[in-house]
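Within every chain, numbering begins at 1; the chains are lettered A, B, ... in the order of the sequence lines, protein sequences first and strands thereafter.
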Number of protein chains: 2
Amino acid sequence: MPTINDVSKLAGVSKATVSRVINNKGQIKDSTRKLVFQAMETLNYKPNTLAQALATKTSNSIGLITSIFDGNYFGVLLKESAKLADQAGKQLIVTDGHNDPQREMEAIDSLVARRCDVILLYSRKLTQQDFKDIKARTSVPIVVMNRKINDATYYSVWFDHFHASALAVNHLLELGHTTIACITASVSSRTVKLRYKAFQECLKQQQLILNKDLVVAGDYTIEGGYNACKQIIAQKQPFTALYAFNDDMAIGAIRALHEVGIKVPEQVSVVGIDNEPFGSYVTPSLTTVELPIRDITNAAMKIALDLANGVEISVTETTFRGKVITRESTTANSRSI
Amino acid sequence: MPTINDVSKLAGVSKATVSRVINNKGQIKDSTRKLVFQAMETLNYKPNTLAQALATKTSNSIGLITSIFDGNYFGVLLKESAKLADQAGKQLIVTDGHNDPQREMEAIDSLVARRCDVILLYSRKLTQQDFKDIKARTSVPIVVMNRKINDATYYSVWFDHFHASALAVNHLLELGHTTIACITASVSSRTVKLRYKAFQECLKQQQLILNKDLVVAGDYTIEGGYNACKQIIAQKQPFTALYAFNDDMAIGAIRALHEVGIKVPEQVSVVGIDNEPFGSYVTPSLTTVELPIRDITNAAMKIALDLANGVEISVTETTFRGKVITRESTTANSRSI
DNA sequence: CTGAAAGCGCTTACAG
DNA sequence: CTGAAAGCGCTTACAG
């Protein structure tokens with residue numbers, strides 16, 4: 001690979017001058033600029049980004065830590081991030097947090113070691129204490145996605161998962177359902193806790209009793225939803241609605257109900273969360289809560305890029321809310337009419 | 001951020017010695033090693049990866065260029081890559097090729113400028129000539145995924161898309177279908193061409209006529225398949241089977257058929273490609289061709305890591321083949337019995 | 001408008 | 001076993 005020295009020799013100027021034309025800085029005679037361009041051209045020279053980073057102390061890179069790699073949700077998150085990073089001339093370094101607090105910490109260390117300008121952390125497992133510890137170790141700005149952080153030194157962009165969950169549950173309640181089965185998630189994340197809490201509170205508000213036999217944890221996959229629903233059915237207890245913590249599990253549940261001859265939505269209404277694209281194409285089409293993943297990604301990246309460019313940022317917390325998409329899988333509770 | 005100099009001062013040794021303990025190279029007295037470790041600990045020192053890269057001329061990073069961000073397929077590709085890179089102590093830099101040859105070229109340049117040890121290129125648009133040009137510009141090893149390259153200086157790992165397509169078509173032919181509608185793809189990629197060619201040739205082999213009115217292009221989305229199928233239906237020409245170039249479009253097509261009262265599979269059999277997880281959970285469940293995306297990613301990453309580590313590699317081309325997964329959406333052609 | 005020199009934070013022969 | 005010095009490929013005051 002040719003270096004700046006090769007270019008400077010061929011062009012017959014100092015490397016300082018070459019550097020200036022590369023970065024378009026300072027005054028340079030047109031004729032020498034031309035000379036340098038020619039030399040770069042014939043050598044097919046590309047400045048070594050690593051050396052530039054070392055000299056300027058900015059790496060022009062953004063680190064992204066995530067543990068989610070499934071579904072439309074993640075694809076949008078990543079495509080949008082890559083696009084925005086690209087537009088800003090930054091490179092995106094993607095790291096798997098393995099859904100484990102320890103590994104997420106290591107991922108941060110590794111991105112810090114690489115001197116990322118800023119880190120995007122889509123975290124599910126770190127505790128508030130962990131977040132404190134991180135700040136003690138590094139001064140690299142961190143934008144946390146999907147979590148609300150009680151610490152003004154963080155920038156966080158998150159979904160109001162309590163609200164999203166309440167939307168789903170209230171949708172069923174409004175349709176007159178009073179016995180609602182629930183497929184929660186086995187991962188113990190803040191998101192799951194908030195969603196479950198909303199489920200409890202919404203029932204409570206209507207003075208309804210939460211039957212724990214009708215609550216089973218899945219693993220966010222279609223199959224997990226299928227299995228969880230089988231377990232619920234095996235309880236042999238009546239229910240007229242089912243709420244799954246994501247669309248994949250809702251689809252699995254519908255399949256399980258279908259297999260034992262329970263009709264959706266005539267006998268059981270089903271609602272999910274995520275608004276996966278296939279939801280409007282399955283039969284029956286799926287009622288769900290849409291989370292604005294594109295918006296959240298854009299907001300997070302905008303903050304990240306501002307931070308990388310040293311722009312002052314005043315808002316440290318941004319909240320996004322979902323909305324119900326009503327389709328065929330939910331209907332009024334016939335038994336309560 | 002503390003540097004190696006800070007550590008060396010605090011520990012009272014030269015930075016050469018610090019470097020040695022960091023990299024565990026050469027002989028070091030236990031006592032001084034301890035001293036250095038202590039200093040690193042109290043300063044919370046992390047070596048600057050960029051400086052290391054500059055000094056050693058290896059960046060310990062792998063570039064990945066892709067244009068696909070949808071579906072399970074991409075999630076597996078990315079998760080697997082991230083995991084393997086991580087295990088090997090490499091970082092993964094992800095770049096969007098924007099499904100455009102020009103942009104893919106720029107993406108390569110940018111990864112080369114960052115001195116990636118090796119580049120993984122999931123390309124859909126570059127021509128054989130483009131591949132030649134790239135080689136003239138850079139000596140960074142490139143592993144091409146999803147394409148067969150007629151150039152031994154490349155390493156390529158690809159699906160036999162002709163074969164996969166033939167599997168789908170022959171599956172329908174074996175069930176006695178003779179008039180088969182086809183939802184192809186509007187993107188003009190090598191993959192699409194190969195799949196269409198297989199469609200043509202399989203029909204030809206059975207001396208069947210290909211009715212072009214029954215061939216419509218979609219855009220790989222569910223909605224695209226839905227619209228394409230509407231167009232096909234609007235032709236008012238009989239067909240007993242439909243082959244879509246991916247599962248998403250197949251699902252959309254089933255929905256369109258459903259809406260006009262055409263029963264799947266009783267009146268029309270439908271087959272897709274990809275084996276998306278939801279395929280076994282929709283109604284009717286979807287017959288499809290599974291492409292071993294996990295295998296192909298592993299193979300590509302293994303080659304990439306070997307290249308990064310200077311291991312000699314003898315195989316420059318690896319081919320993977322899919323297999324039919326038969327489910328409910330296809331059945332024997334009743335009219336031909 | 002341009003060059004010589006110092007510096008970014010590491011590694012690695014070379015000497016001892 | 002350890003240190004001084006040169007070098008990786010850039011940038012950027014400083015001088016002229």
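A:Asn5 comes within 4.0 angstrom of no nucleic acid atom, judged by non-hydrogen atoms across all strands. No contact: A:Thr49 has no heavy atom under 4.0 Å from any strand.
Regarding contacts with the backbone of D:dT11, a side-chain N or O of A:Ser19 is found under 4.0 angstrom from either OP1 or OP2. For B:Ser14 and D:dG3, the shortest distance from a side-chain N or O to OP1 or OP2 is below 4.0 Å. Between B:Lys57 and D:dG9, a side-chain N or O to OP1/OP2 separation shorter than 4.0 Å is present.
Here the C1' atom of nucleotide D:dG9 and the CG atom of A:Asn48 are 6 Å apart, to the nearest Å. The distance from atom NZ of A:Lys25 to atom P of D:dA13 is 8 Å, rounded to the nearest whole Å. With rounding to whole Å, A:Arg20 atom CZ is found 11 Å from D:dT11 atom P. Rounded to whole angstrom, the span from the CG atom of A:Leu35 across to the C1' atom of C:dT2 amounts to 13 Å. Whole-Å rounding puts the A:Gln27 CD to C:dC1 P distance at 5 Å. Atom NZ of B:Lys15 and atom C1' of D:dG7 are 11 Å apart (whole Å). The distance from atom CG of B:Leu50 to atom P of D:dC8 is 18 Å, rounded to the nearest whole Å. D:dC10 atom P lies 9 Å from atom CG of A:Asp6, rounded to whole Å.
A salt bridge does not link B:Asp30 with B:Lys34: none of the charged nitrogens is closer than 4.0 Å to a carboxylate oxygen. Between B:Asp96 and A:Lys79 there is a salt bridge, since a side-chain N of the basic residue sits under 4.0 Å from a carboxylate O of the acidic one. Classification of B:Lys90 and B:Asp117 as a salt-bridged pair holds, one side-chain N sitting under 4.0 Å from a carboxylate O.
More than 12 heavy atoms of other residues, nucleotides or ligands shown are found within 6.0 angstrom of CZ on B:Arg33. For CD of A:Gln87, the number of neighbouring non-hydrogen atoms (other residues, nucleotides, ligands) closer than 6.0 Å is greater than 12.
Using N1 to N3 plus N6-O4 or O6-N4 for Watson-Crick, or N1-O2 and O6-N3 for G-U wobble, each under 3.5 Å, D:dA4 pairs with nothing. For D:dA13, there is no paired base (Watson-Crick or G-U wobble, both distances below 3.5 Å).
Mapping A:Ser31 and B:Thr17 onto DNA chain C by nearest heavy atom places A:Ser31 closer to the 5' end of the strand. Comparing B:Gly26 and B:Thr56 against DNA chain D, the residue whose closest nucleotide sits nearer the 5' end is B:Gly26.
Ranking D:dC10, C:dG9, C:dG3 by closeness to the B:Thr3 side chain, first place goes to C:dG9. Between C:dT12, D:dC10, C:dC10, one nucleotide has an atom nearer to the side chain of B:Ile4 than all others, and that is C:dC10. Distance from the side chain of B:Tyr45 is smallest for C:dC10 among the nucleotides D:dC10, C:dG3, C:dC10. Closest to the side chain of A:Pro47, from the set D:dC10, D:dC8, C:dC10, is D:dC10. If you check D:dC1, D:dG9, C:dT2 against the side chain of A:Lys29, the one that comes closest is C:dT2. Checked against C:dG7, C:dT11, D:dC8, the side chain of A:Ala55 finds its nearest nucleotide in C:dG7.
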Full working for salt bridge (charged side-chain N to carboxylate O under 4.0 Å, His left out) between B:Arg137 and B:Asp109: CA-CA 9 Å; B:Arg137 297 162 78 161; B:Asp109 281 346; 2.6 Å; yes

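Remark: the B:Arg115 side chain and the D:dG9 base include no donor-acceptor N/O pair separated by less than 3.5 Å.
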